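Every value quoted in this text rests on a predicted model; they were computed, and no experiment measured them. FYI, side chains are in, hydrogens and waters are out, and symmetry mates aren't considered; it's all heavy atoms of this structure. As the structure lists them, so they are numbered: ligands from 1, and atoms in each ligand from 1.
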Amino acid sequence: MSNNQFDNKSAAWSALFSEPMSELVKRYTSSVFFDKRLWQVDIRGSLAHAEMLCHQGILSDADHSAIQGGMAAIAAEIESGNFDWKLDLEDVHLNIEARLIQLAGDAGKRLHTGRSRNDQVATDVRLWLRDEIDLIGVLLIELQKALVALADEHAETIMPGFTHLQVAQPVSFGHHMLAYVEMFARDAERMHDLRARVNRLPLGAAALAGTSYRLDRERVAASLGMQGVCQNSLDAVSDRDFAIEFAAAASLAMVHISRLSEELVLWMSQSFGFIDLADRFCTGSSIMPQKKNPDVPELARGKTGRVVGHLMGLITLMKGQPLAYNKDNQEDKEPLFDSVDTLKDTLRLFAELVGGIRVNAQAMQAAARKGYATATDLADYLTKQGVPFRDAHETVAHAVKEAITRGLDLSELPLEVLQGFNPGIGADVFHVLSLNGSLQARNIVGGTAPEQVRAQVLRHRQRLG
Ligand code: ARG
């Protein structure tokens, strides 16, 4: 046998096979052109495994250093683009191992002692995902900070709050932005929670049943910064629930971005005119010279479908797989990689885009004046005078009808007219009917009063650091 038993793929399992693998099958089954992005974690995992083998007396010091030297050379080759990735060698694991054997000889052949590609790949994906989750955590903080800054600036900027996309009650733009901060805070919390389940070590499970070597699994886990080891070998090599959980959390984060996007697109349309996005986030039209299109939010809304689709792909991939490892699991990578890439790019862009939102406070305020947004305030005013709320509701409906007939806002009706609906109404009603009065009145935790918005801004700033 040549020094490199993996010179070609069918030779990797060698003796048993009497014909080479078909070209089509080779292409169909290989994953190297997408899983090579796991090379760093693959090497990290191998080095931790080798160190432990040596510590346990399973691998000699000389072999251990040969493996370390070989891996350093391989890392340098990959980084400089000089590594020769071979389709024949199926995946990132076999490619790196084959090269190690070329460089380190028998020491390289000893690396796989007590290990299988099944626990190796599960380890790689977990390590990779854990580090990506940490980056996503940072990006979620950046986005929240940008939203909090905008909220702070606009604690008193009044806009119409909507239900059913009909003007409902005035809210502050700052309050509206803080709603998204809450969503992204929960997204960050979800990422943090699931990280703990991602960050466990499969190595030691070997192919499926564990291994007869006296491995120190805890040692490997600690050296890779993992929180403990997977406690059942069959489960360790086969389940990808950690990736599915991530895909679900990523989908939710994208859904939140998509909702924000939808609002930005609406608000930027001429019919609303609430905001403008910085030019660097927009594109023009090749035919209509006047156009400035909110492409980034539109694309983010579109890409949300893609990430949600990956969640469906991953969860369906798992369904129907018997224990333990099945090759189906090789299909976990592309959806996972693409979900991570899409979410990271989108978060990064949005943290910047939010910072570039220009608010047209006048347009917002004018829109808030349009739909009798303070009608509830009048009902509350009457209720506080002892009128049962349901009766007050009815009275105000009549007042609104009258105002519509006259083409006026409630606050523009003469006092006598208002008193015609209820004699208890006094001149103080005009403050109640004003947009500012309405906002200030909602001075309750979670409410839109500027005082509350400022308190929330402070709380978020302390939380976000
Ligand atoms: N490329 C494979 C994957 O991504 C690695 C594990 C292969 N294991 C096996 N027994 N064929 O899942």
Is the shortest side-chain N to carboxylate O distance from [X] to [Y] below 4.0 Å?
X	Y	result
Lys26	Glu90	no
Arg190	Asp187	yes
Asp119	Arg217	no
Asp152	Arg461	yes
Lys145	Glu352	no

Looking at ligand 1, does any of its N/O atoms fall within less than 3.5 Å of an N/O of [X]?
X	value
Arg240	no
Asn329	no
Lys327	no

* Asked: Side chains of Lys344 and Glu132: does their closest heavy-atom pair fall under 4.5 Å?
  -> yes
Against heavy atoms of [X], which atoms of ligand 1 measure under 4.0 Å?
X	value
Asp91	1 (N), 2 (C), 5 (C)
Ser31	1 (N)
Lys333	3 (C), 4 (O), 12 (O)

Considering only non-hydrogen protein atoms, determine which one is nearest to [atom] and report residue, atom name and distance to 0.1 Å.
atom	answer
atom 8 (N) of ligand 1	Asn118 OD1, 2.9 Å
atom 12 (O) of ligand 1	Tyr325 OH, 2.5 Å
atom 11 (N) of ligand 1	Arg117 NH2, 3.4 Å

* Asked: Given His93, Gln120, Gln330, which has its nearest heavy atom closest to atom 1 (N) of ligand 1?
  -> Gln330
* Can you list every ring pair (Phe, Tyr, Trp, His ring centres under 6.0 Å) pair that touches residues 320-348, not counting sequence neighbours? -> Trp128-Phe337
